[in-house]
Amino acid sequence: MVGLRKEVMEERTLRWSQTFIPTLKEDPAEAQVPSHRLMVRAGLVRQLVAGAYTYLPLGFRALQKAIRIVREEMDRAGALEILMPAIHPAELWQQTGRFADYGDTLMKVRDRKGALLVLGPTHEEVITDLVRHHINSYRQLPVIFYQIQTKFRDEPRPRFGVLRTREFLMKDAYSFDVDVTHLNQSYDRMYQAYCRIFDRCGLKYVVVEAESGPIGGEASHEFMVLADTGEDALVECERCRYAANLERAEIGARSASVPGPSDSPLRKVHTPGRTTIEQVSAFLQCLPQQMIKTLIYLADGAPVAVLVRGDHEVNEHKLRRALGAARLELADADTIARVTAAPVGFAGPIGLPVKLYADRAVMLVTDGVSGANEADYHLVGVQPGRDFQPDWIGDLRIACDGDACPRCVGALRLRRGIEIGHVFKLGTKYSARLGAHYLDEKGQEHPMVMGCYGIGINRILAALIETSHDDQGIIWSVSLAPYQVLVLPLNVANAELMQTAERIYRELEQQGIEVLLDDRDARAGFKFHDADLLGLPLRVVVGEKALQRGEVELKWRHHRASFTVPVEQAARRAAEEIRRALEHLM
RNA sequence: CGGGGCGUAGCUCAGCUUGGCGAGAGCGCCUGGUUUGGGACCAGGAGGUCGCAGGUUCGAAUCCUGUCGCCCCGACCA
């Protein structure tokens, strides 16, 4: 009885005809990026509503593979797995101020008593609440908790299939330490674990410096998979290892060009109704690079002027740091009119009654053009240093392709990427606000120093597919593939051929290899196409011609060529190939 | 939140401008037969509240209003 049952279950797992793999010949209309298209076509996922997907058997298996790798490496790094609730009391979020910060992205529900609950988009509040109640001595630290759990974010715009969804699986970990030195150790441990995880997944990734918040320095790193379809912009130095999220990217101080002395006289010109860089540069026949863009910001309510070159954009993170401001926003039209004595579009640095913050590139402009702080007038022949002197000069702009690397003599290259992981030094933000304190050896109370570490599990799959596919379909890495080997008998009506195929897959099963047997009664071409679409790493074809010679055909999905092996060696050889490929990823 | 597109069979879509008999095609699905190394062929068949609600009309997939959903661009995104 038990034996029979086991056999039945095995067959349900292994035989194509007994599982559920709804492949599609045509592209689904709504899929825009390769990973989305292929995940739907290969029968991995189906959408229920915008930003929520069902994982079908094949997709779920791949997801489990990713989860397993993440779990093994987190355990190895000494993190403790727990499972926190998805529903949180809103009060907890109000206590840290994030109820307001998150705004509409927070999913909210009311229970039958009318109490407001939050569906957790992340768990800093919940874990800190747990720790404040149960950990209170330095003897209990350090500790790192993690969970793999569904997160909810009411994204303004879910998109790209599984890449940006409203409900997704996340591995989130939280470290608690006695001080920053120990936090750094926990951080490094997680960082290393992340490298191992993504290496094992077979992903090619770049670690970039990211916006770091309160601690500063290299307090945050994102793990990015480079892909043109990625949502995040980043820069990478073409010479050294410097890489950063575009939000964060510093720009080297050395000048791109040596400024020549300018003797052009300052002159006021009539520019009726020309308010934008494009309009003014077209009207005056000058280059946007000659223009000095003057933006009025409100830093904690006080107006300041920010100068960047016409073809550059202000990086508000850098500006906020330079100003030391907690709140920063572009000034409204009324403030601009009051500060510049002109309507929006005619601001310039000369004669402004507020402090001037200039990006370095502005100081290299010669024969510049700026607003005249007078309606319908601009100034030409502007010479920074001669005609105005900023109160502060430094790096204030968003990096561009080709900008100088801040670490070496190389140039920065603009890239796009998919964020698959993020490690972050939180400091005491949550522990202080929620009262997660510990007593040191002298009996003194301190807030714990925290770090948090996230991995988007679904994105691991999407990122892999996004960067590993061809016209025919997915090309799985051995470690994430839902099955490692596909056994493909070409004619199921041929009993001898079928028996051979079944024997090979049973032998592979016994060797601990994950096998799918395509036992469908379909034509060879049809099955080959589905095989390529599914993209399982190794394919074993059992066909009549080769079988007459006592051979079967093995083919790696990522190779063009196949090779034949004697039937009796097929399973052993296939298993060997898989094991070797897996070791290669470890 | 601003702008745009689309909702017709399981999937991809035609039909709508100019309302009119029984609402279509390809793929998929079911039955039978012939086939079997790169998405076969023949014969037969099942399958649709035309997103939903209201309106105009003798008559609405088609016109009008509202509404919901999905997709795209932008804004936003610890």
Side-chain angles (χ1 to χ4, degrees), chain A residues 20 22-33 36-37 40-41 43 46-53 93 96-106 120-125 127-128 151-161 163-166 168 170 172 174 210-214 219-220 222 229 231-233 245-247 316-317 330 419 422-427 429-430 450-454 456 471-473 488-494 497-498 518 520-533 539 541-548 551-553 555 562 564:
Chain A
F20 181 63
T23 58
L24 257 34
K25 196 190 291 193
E26 288 169 292
D27 284 336
E30 71 278 4
Q32 308 291 320
V33 296
H36 187 196
R37 235 174 46 225
V40 174
R41 283 193 53 204
R46 285 294 185 271
Q47 178 173 289
L48 177 64
V49 284
Y53 286 82
W93 283 76
T96 58
R98 289 214 294 179
F99 189 84
D101 292 348
Y102 254 88
D104 289 336
T105 302
L106 216 47
T122 176
H123 281 69
E124 283 84 1
E125 279 80 359
I127 191 71
T128 309
K151 298 285 192 260
F152 299 90
R153 294 181 193 181
D154 197 352
E155 293 286 348
R157 203 176 139 206
R159 63 183 135 180
F160 300 148
L163 276 171
R164 184 161 217 86
T165 51
R166 296 194 289 184
F168 57 96
M170 180 162 155
D172 48 325
Y174 306 89
E211 268 307 314
S212 52
S220 172
E222 288 167 344
T229 49
E231 284 190 282
D232 289 281
N245 190 305
L246 189 60
E247 288 180 349
E316 295 191 354
H317 297 281
L330 270 171
E419 181 188 350
H422 195 168
V423 292
F424 200 96
K425 296 179 190 175
L426 286 172
K429 176 176 172 184
Y430 298 97
M450 294 172 58
C452 71
Y453 317 91
D471 292 346
Q472 301 304 307
L488 202 165
L490 287 180
N491 182 1
V492 299
N494 181 327
L497 195 149
M498 251 340 251
D518 189 352
R520 294 174 301 170
D521 183 12
R523 297 175 71 84
F526 183 88
K527 291 165 81 161
F528 281 136
H529 276 275
D530 263 357
D532 289 342
L533 179 59
R539 190 180 81 184
V541 172
V542 186
E544 273 161 355
K545 286 182 210 152
L547 199 57
Q548 278 167 15
E551 291 175 330
V552 296
E553 175 194 294
K555 181 180 173 298
S562 61
T564 54

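Proteins get letters first, then strands, A, B, ... in listed order; numbering begins at 1 in each.
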**Message:** I need a per-nucleotide contact map over nucleotides 25-41 of chain B, read 5' to 3'. Cutoff is protein heavy atoms under 4.0 Å; write B for the base, S for backbone only, - otherwise.
**Reply:** -BS-------BBBBBB-
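Of all nucleotides present, none satisfies the Watson-Crick or G-U wobble test against B:rG37 with each distance under 3.5 Å. Across all strands shown, the partner of B:rC29 is B:rG45, judged by Watson-Crick or G-U wobble contacts whose two distances both fall under 3.5 Å. If you check B:rG74 for Watson-Crick or wobble pairing at under 3.5 angstrom, you find it paired to B:rC1. Nucleotide B:rG19 has no partner under the Watson-Crick or G-U criteria, as no pair reaches both atom distances under 3.5 Å.
Between atom OG1 of residue A:Thr96 and atom CD of residue A:Glu124 there is a gap of 9.0 Å, rounded to the nearest 0.5 Å. We find the CD-NE2 distance between A:Glu211 and A:His422 to be 9.5 Å, quoted to the nearest 0.5 Å.
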For nucleotides 75-78 of chain B, tabulate all protein N/O to nucleotide N/O atom pairs closer than 3.5 Å, reporting atom names and distance.
{"unit_1": "B:rC76", "atom_1": "N4", "unit_2": "A:Arg159", "atom_2": "NH2", "d": "3.4"}
{"unit_1": "B:rC77", "atom_1": "O2", "unit_2": "A:Arg164", "atom_2": "NH2", "d": "2.4"}
{"unit_1": "B:rA78", "atom_1": "N7", "unit_2": "A:Tyr102", "atom_2": "OH", "d": "2.8"}
{"unit_1": "B:rA78", "atom_1": "N7", "unit_2": "A:Arg153", "atom_2": "NH1", "d": "3.0"}
{"unit_1": "B:rA78", "atom_1": "N7", "unit_2": "A:Arg153", "atom_2": "NH2", "d": "2.8"}
{"unit_1": "B:rA78", "atom_1": "N6", "unit_2": "A:Arg153", "atom_2": "NH1", "d": "3.0"}
{"unit_1": "B:rA78", "atom_1": "N6", "unit_2": "A:Arg153", "atom_2": "NH2", "d": "2.3"}

For nucleotides 4-6 of chain B, give me every protein contact, N/O to N/O, under 3.5 Å, one pair per line with atom names.
none

Heteroatom pairs (N/O) under 3.5 angstrom, protein to nucleotides 50-53 of chain B:
none

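Spacing of P atoms, B:rC11 relative to B:rU49, comes out at 13 Å, to the nearest Å. Spacing between B:rC76 and B:rU17 at atom C1', rounded to whole Å, works out to 39 Å. B:rC21 and B:rG59 have their C1' atoms separated by 11 Å, given to the nearest Å. Look at the C1' atom in both B:rG24 and B:rG48: the space between them is 11 Å, to the nearest Å.
With sequence neighbours excluded, no residue forms a side chain to side chain donor-acceptor pair (under 3.5 Å) with A:Arg153. Every residue meeting the side chain to side chain donor-acceptor pair (under 3.5 Å) condition with A:Asp530, not counting sequence neighbours, appears here in chain and number order: A:Thr23, A:Arg520.
Residue A:Pro22 is out of contact with every strand shown, counting any heavy-atom pair closer than 4.0 Å.
Checked by atom type and distance alone, the side chain of A:Lys527 pairs as donor or acceptor with a backbone atom of A:Pro489 at under 3.5 Å.
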